[in-house]
Amino acid sequence: MTADAGGDPMQRDDIVLAHEKWFLKDPSAYTPDWSFATRPTTLAVLALIVAVTVAWRAVGRRVGTPELGILRPLGRITPYLPRLLAIHLGVSLLTLAARGYFLAADLELHELPAPALLGVVEGALGVWFITGYRLRPAALLLVVVGPVALAATGPVSLLEAADLLGIAGFLAFLPPSGDRHGAVTPDPKALRRALLALRVGVATALVTLAFSEKLANPAMARATLEHYPQLDVFAYLGLHVPADTFILVAGATELLFGLLVLSGAMPQLAMLVAAVPFNATLLIFGAPELLGHLPVYGVFLTLLAYGSDPATAGDVRWLPRLRRTPAPRPVTA
């Protein structure tokens with residue numbers, strides 16, 4: 001079947017959910033091509049993205065927290081965020097297992113060793129996360145099982161699924177409690193570590209996808225744009241730009257979002273801006289896109305809410321500092 005703009009997003013032989021690899025019938029036919037990513041124009045844009053991220057964090061250190069006071073009421077839900085995030089993760093895992101995929105909607109279970117066992121484990125973990133009962137072991141199990149299984153398909157698949165592993169890392173540090181519907185009043189140290197694991201996981205997935213589906217695989221991105229011209233946002237503005245320009249802008253934007261998440265600076269602004277493109281595609285692909293990006297939506301809500309609470313906003317941007325151990329002083333007689 002040939003993909004077209006009016007096709008059913010749920011048809012398995014055509015497209016599956018979202019992302020370029022989810023759109024195309026045979027994504028493996030599009031091999032990486034780093035010549036696009038190493039062009040002078042692309043390198044200049046990448047350098048600009050890094051500079052913007054550094055400037056963003058520098059400005060964030062000078063701006064008070066939360067940076068948008070009007071969103072402070074969102075901070076009231078922070079005790080329940082581990083429970084909500086676990087539900088997002090559980091629904092995603094259960095849906096993927098039911099459809100025959102492992103951790104990503106383009107990685108079929110039959111491509112992995114012991115597919116039946118992995119499918120059962122994935123589905124069982126999904127149910128476990130939804131229940132909210134003693135989730136630290138479930139989170140640790142997912143952190144272990146995910147990399148072991150994905151190692152069979154290469155590092156790219158593992159890195160693209162790092163958002164789910166980041167959520168698991170968050171829940172390992174900060175699982176829901178058994179009281180008050182899972183409400184948690186976290187220790188600041190545990191919260192900082194949980195948020196760092198979450199940010200690293202999501203940032204890794206976004207940065208990897210920026211390259212694996214766009215900047216280092218322009219053929220895949222061109223095919224996607226050809227099949228789905230409605231994805232070209234420039235056309236809605238009356239602008240007609242070359243496909244390679246669109247690919248560069250799309251890849252750079254995804255890379256920027258990943259780096260902003262990693263920086264943790266001004267999380268309210270960062271999450272509100274990032275939510276625009278992630279929600280805009282719902283108009284095209286509807287419910288399948290919602291299910292595919294459900295973990296990301298949970299992460300955005302988590303960072304936005306913690307960033308809206310004056311008591312936790314500073315923890316969102318925390319990064320560990322590498323401290324040098326001072327050399328011992330010489331002993332004098």
Margin query: Between Arg83 (side chain only) and Pro176 (backbone N and O only), is there a donor and an acceptor less than 3.5 Å apart?
Written below: no

Check: Only one of Val45, Leu209, Leu248, Thr38 forms a side-chain contact (heavy atoms from CB on, under 4.5 Å) with Leu215, so which one is it?
Finding: Leu248

Notebook entry, point to check: Can a donor-acceptor pair be found between the side chains of Ser35 and Asp33 at a distance below 3.5 Å?
Noted result: yes

Margin query: Could you check whether any side-chain heavy atom of Leu117 comes within less than 4.5 Å of a side-chain heavy atom of Val121, counting everything from C-beta outward?
Written below: yes

Check: What are the two closest non-hydrogen atoms of Leu103 and Leu164, and how far apart are they?
Finding: O-CD1, 3.2 Å

Margin query: Starting from Phe129, can I reach Val184 by hopping between I/L/V/M/F/W/Y residues whose side chains sit under 4.5 Å apart?
Written below: yes

Notebook entry, point to check: At their closest point, which heavy atom of Ala168 faces which heavy atom of Val143, and how far apart are they?
Noted result: CB-CG2, 3.7 Å

Next item on the list: Return yes if some donor-acceptor pair links the side-chain N/O of Glu254 with the main-chain N/O of Val207 below 3.5 Å, else return no.
Entry: no

Check: Would Val52 end up clustered with Val273 when hydrophobic side chains under 4.5 Å apart are linked, directly or stepwise?
Finding: yes

Check: Any side-chain heavy-atom pair from Leu272 and Leu68 closer than 4.5 angstrom?
Finding: yes

Next item on the list: Compare all side-chain heavy atoms of Val299 with those of Asp163 and state whether any distance is below 4.5 angstrom.
Entry: no

Notebook entry, point to check: Would you find a donor on one side and an acceptor on the other, under 3.5 Å apart, between the side chain of Trp56 and the backbone of Leu260?
Noted result: no

Checklist line | Reported CE-to-NZ distance for the pair Met220 and Lys214, which is rounded to 0.5 angstrom | finding: 10.0 Å

Note to self: Please find the pair of heavy atoms, one from Pro66 and one from Gly307, that lie closest to each other, and give the distance.
What the structure shows: CB-O, 3.3 Å

Note to self: Which heavy atom of Thr204 sits nearest to which heavy atom of Val200, and what is that distance?
What the structure shows: OG1-O, 2.7 Å

Check: Which class fits the ring pair Phe234 and Phe246: parallel under 30°, tilted 30 to 60°, perpendicular over 60°?
Finding: perpendicular

Notebook entry, point to check: What's the spacing between Asp187 CG and Leu174 CG if we round to 0.5 Å?
Noted result: 9.5 Å

Item checked: Leu141 vs Val145 side-chain heavy atoms within contact, under 4.5 Å -> yes

Check: Any side-chain heavy-atom pair from Arg222 and Asp244 closer than 4.5 angstrom?
Finding: yes

Margin query: Between Thr312 (side chain only) and Tyr306 (backbone N and O only), is there a donor and an acceptor less than 3.5 Å apart?
Written below: yes

Note to self: Is any side-chain heavy atom of Pro79 closer than 4.5 Å to one of Thr185?
What the structure shows: no

Note to self: Check this for me: does any side-chain nitrogen of one of Asp309 and Arg76 sit under 4.0 Å from a carboxylate oxygen of the other?
What the structure shows: no

Checklist line | Shared hydrophobic cluster for Val54 and Trp318 (ILVMFWY, side-chain gaps under 4.5 Å) | finding: no

Next item on the list: Say whether, by atom type as modelled, one donor and one acceptor occur between the side chain of Thr131 and the main chain of Trp128 under 3.5 angstrom.
Entry: yes

Check: Any chain of hydrophobic side-chain contacts (each under 4.5 Å) joining Val144 to Leu109?
Finding: no

Check: Do Thr302 and Leu84 pass the side chain to side chain contact (heavy atoms under 4.5 Å, CB included) test, and can you show the C-alpha distance, the side-chain angles, and the key distance before you say yes or no?
Finding: CA-CA 9 Å; Thr302 298; Leu84 291 173; over 6 Å; no

Next item on the list: For the pair Arg199 (side chain) and Leu262 (backbone), establish whether a donor and an acceptor sit closer than 3.5 Å, ignoring hydrogens and angles.
Entry: yes

Check: Got a sec: does the CZ of Arg39 have more than 12 other heavy atoms crowding it under 6.0 Å?
Finding: yes

Check: Knowing that exactly one of Ile130, Leu125, Leu89 qualifies, which makes a side-chain contact (heavy atoms from CB on, under 4.5 Å) with Leu94?
Finding: Ile130

Check: Rounded to the nearest 0.5 Å, how far does CG of Leu118 lie from CG of Leu150?
Finding: 9.0 Å

Checklist line | Gap separating the CG atom of Leu171 from the CG atom of Leu198, nearest 0.5 angstrom | finding: 8.5 Å

Note to self: Are there over 12 heavy-atom neighbours, none belonging to Arg193, within less than 6.0 Å of that residue's CZ?
What the structure shows: no

Checklist line | Closest approach of Ser212 to Val156 (non-hydrogen atoms, all atoms of both residues) | finding: CB-CG1, 4.0 Å

Margin query: Applying a strict under-4.5 Å side-chain criterion to I, L, V, M, F, W and Y, I'd like to know whether Leu71 and Tyr80 cluster together.
Written below: no

Next item on the list: Measure the shortest side-chain to side-chain distance between Arg136 and Pro175 over non-hydrogen atoms and say whether it is less than 4.5 angstrom.
Entry: yes

Margin query: To the closest 0.5 Å, what do you measure between CE (Met266) and CE (Met271)?
Written below: 11.0 Å

Next item on the list: Check the pair Leu255 / Phe211 against side chain to side chain contact (heavy atoms under 4.5 Å, CB included), numbers first and verdict last.
Entry: CA-CA 8 Å; Leu255 175 63; Phe211 284 93; 4.2 Å; yes

Item checked: Nearest heavy-atom neighbours spanning Asn217 and Pro32 -> ND2-N, 4.1 Å

Check: Taking Arg134 for the side chain and Gly178 for the main chain, is one N or O donor matched with an acceptor at less than 3.5 Å?
Finding: no

Margin query: Assess, by modelled atom type and distance only, whether the side chains of Glu111 and Thr153 contain a donor and an acceptor separated by less than 3.5 Å.
Written below: no

Item checked: Sidechain-backbone polar pair: Thr245 side chain, Val241 backbone, donor-acceptor under 3.5 Å -> no

Check: Can you tell me how far the OG atom of Ser308 sits from the CZ atom of Arg72, to the nearest 0.5 Å?
Finding: 9.5 Å

Notebook entry, point to check: Quick check: does any side chain N or O of Gln268 sit under 3.5 Å from a backbone N or O of Leu304, one acting as donor and the other as acceptor?
Noted result: no

Check: Under the 3.5 angstrom rule, does the side chain of Thr42 hit a backbone N or O of Phe36 as a donor-acceptor pair?
Finding: yes

